[in-house]
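Notes follow once the structure below has been shown.
Note that the numbering runs from 1 along the sequence shown for the chain. What you see below is based on every heavy atom in this structure, not just the backbone, and it leaves out hydrogens, waters and symmetry mates.
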Amino acid sequence: MQPDVSIIIAAYNAEDTVARAVRTALKQDGVQIEVIVVDDASVDDTPDIVSRIDDDRVHLIRLAENGGPGAARNAGLEAASGRYIAVLDSDDTMHPDRMARLVACADREQADIVVDNIEIVGDAAPQGELMFPPDELSRRDRLDLAAFIAGNRMFDRGYSLGYMKPMLRRDFVEMHGLRYDTSLRIGEDYILIASALANGALCVVDPRPGYVYHIREGSISRVLEQRHVHAMLSADEAFVASHHLDDRAREAQARRTRSLQEAASFLRLVDDIKALAPMRALRTALRDPRAVLHLKMPIMARVRRLLPRGRLLESR
């Protein structure tokens, strides 16, 4: 029997959490599922832990070389046989009714994508905290390309819509040759959803929480570096070049691009300050003054403290 959903778990050095992720995938009620775990060349016991799970619905793919989350998920897409595809990060979980709810929604609405709210779990998160205000999602029962791009700008309040973990209709994915961008270590979900929407996908929003996002210190999703932002800018440039955007989407994309450029300048400014390089920090601030606005404490106070030693430190 064809599974209703193929749940893809990309795992790299996830020995502490991958079994929990697989268990929540296997406990989905009311649907036939398969769980495809793609081990991205882990150097810990991740593949051994998965191989010991005694359930015919679990399939383990072991990659010979580490390719990042995009490459691992693409391997899962190639192996998937379900009517729908869902992604579960190896350190996250799902509520047991999530897949049945999303499948019913997709079948009823003839949707190509269904997204839902996300529950946040972690030491710093209050119990039951939701990533997106439910009333806001209730008012937004459909998500088009322009709205999705507009909801993915740096420095906006709250979480970006790119955090959403979609369930996608597999035949739509295959029809349009959709795959993850392997150059991205952060933001790969955004480009996949944007590409689907640009190809005419109907995206339906379920305001109820089903995905559980576990915040762990040091997780790549919580650490943004300059190289990540530059990769996102390059991926966005390729996306715009290969898809037609209407006026609303193009305007939203221009604002998103500017926000990414500001983010790159801001991170460069922070790196200059951490490196005790005030002259570099000043040059960065002069090139993009808006980057300074995103600092929580006065930048000039820091620069004044560092100036007496700045030239010596920068010459090393």
- Item | Main-chain N/O of Phe172 paired to His176 side chain as donor or acceptor, under 3.5 Å | no
- Query: What's the spacing between Ile85 CD1 and Arg73 CZ if we round to 0.5 Å?
  - Reply: 12.5 Å
- So, does Asp92 use its side chain to make a donor-acceptor pair with the main chain of Leu88 at under 3.5 Å? no
- Item | Working for side chain to side chain contact (heavy atoms under 4.5 Å, CB included), residues Val121 and Glu129 | CA-CA 7 Å; Val121 173; Glu129 180 183 358; over 6 Å; no
- Task: Answer yes if the side chains of Gln261 and Thr257 hold a donor-acceptor pair under 3.5 Å, and no otherwise.
- Result: no
- Supply the atom-to-atom distance Leu245 CG to Leu145 CG, rounded to the nearest 0.5 angstrom. 5.0 Å
- Task: Check for a donor-acceptor pair, side chain of Glu34 on one end and backbone N or O of Ser81 on the other, with a separation under 3.5 Å.
- Result: yes
- Message: Looking at Arg255, is its backbone amide N or carbonyl O close enough to the side chain of Arg258 to form a donor-acceptor pair, meaning the two atoms are under 3.5 Å apart?
- Response: no
- How long is the gap from CG on Asn13 to CG on Asp40, to the nearest 0.5 Å? 9.0 Å
- Under-4.0 Å salt bridge between Arg142 and Glu109: yes
- Task: Measure the CG-CG distance between Leu130 and Asn117 for me, rounded to the nearest 0.5 Å.
- Result: 5.0 Å
- Task: Just jot down the salt bridge (Lys or Arg N to Asp or Glu O under 4.0 Å) partners of Asp4, sequence neighbours excluded, or say none.
- Result: Arg83
- Asp116 bridged to Lys165 by N-O distance under 4.0 Å: no
- Met167 CE to Arg169 CZ distance, which is reported to the nearest 0.5 Å: 7.5 Å
- Query: Under 3.5 Å, is there a donor-acceptor pair between the Ser42 and Asp39 side chains?
  - Reply: yes
- Item | OH-CD distance between Tyr211 and Glu119, expressed to the nearest 0.5 angstrom | 12.5 Å
- Query: Okay, side chain of His230, backbone of Arg227: is any donor-acceptor separation there less than 3.5 Å?
  - Reply: no
- Message: Between Asp181 (side chain only) and Glu188 (backbone N and O only), is there a donor and an acceptor less than 3.5 Å apart?
- Response: no
- Message: Using the side-chain hydrogen bond (donor to acceptor under 3.5 Å, both in side chains) definition, which of the options Thr93, Thr17, Asp91 pairs with His214?
- Response: Thr93
- Query: Salt-bridged, Arg101 to Asp29, with N to O below 4.0 Å?
  - Reply: no
- Message: Between Ile149 and Met154, is there shared hydrophobic-cluster membership here, with clusters defined by ILVMFWY side-chain heavy atoms closer than 4.5 Å?
- Response: yes
- Task: Kindly determine whether Tyr190 and Tyr163 satisfy ring-ring contact (aromatic ring centres under 6.0 Å, His included), including the steps that lead there.
- Result: CA-CA 8 Å; Tyr190 166 79; Tyr163 273 94; over 10 Å; no
- Task: Output yes when a side-chain donor or acceptor of Thr46 lies under 3.5 Å from a complementary backbone atom of Glu15, and no otherwise.
- Result: yes
- Task: Considering only NZ, NE, NH1 and NH2 on the basic side and carboxylate oxygens on the acidic side, decide whether Glu136 and Arg140 come within less than 4.0 Å.
- Result: yes
- Query: When you measure from the side chain of Ser6 to the backbone N and O of Gly82, does any donor-acceptor pair fall under 3.5 Å?
  - Reply: yes
- Query: How close do Val115 and Cys203 get, heavy atom to heavy atom, and via which atoms?
  - Reply: CG2-SG, 4.1 Å
- Message: In this structure, would Val204 and Leu197 fall into the same cluster of hydrophobic residues linked by side-chain contacts under 4.5 Å?
- Response: no
- Spell out, as yes or no, whether a donor-acceptor pair under 3.5 Å connects the side chain of Asp45 to the backbone of Asp48. no
- Ignoring hydrogens and angles, tell me if any N or O in the side chain of Arg256 forms a donor-acceptor pair with the backbone of Asn152 under 3.5 Å. yes
- Item | Asp44 and Tyr12 side chains, donor-acceptor separation under 3.5 Å | no
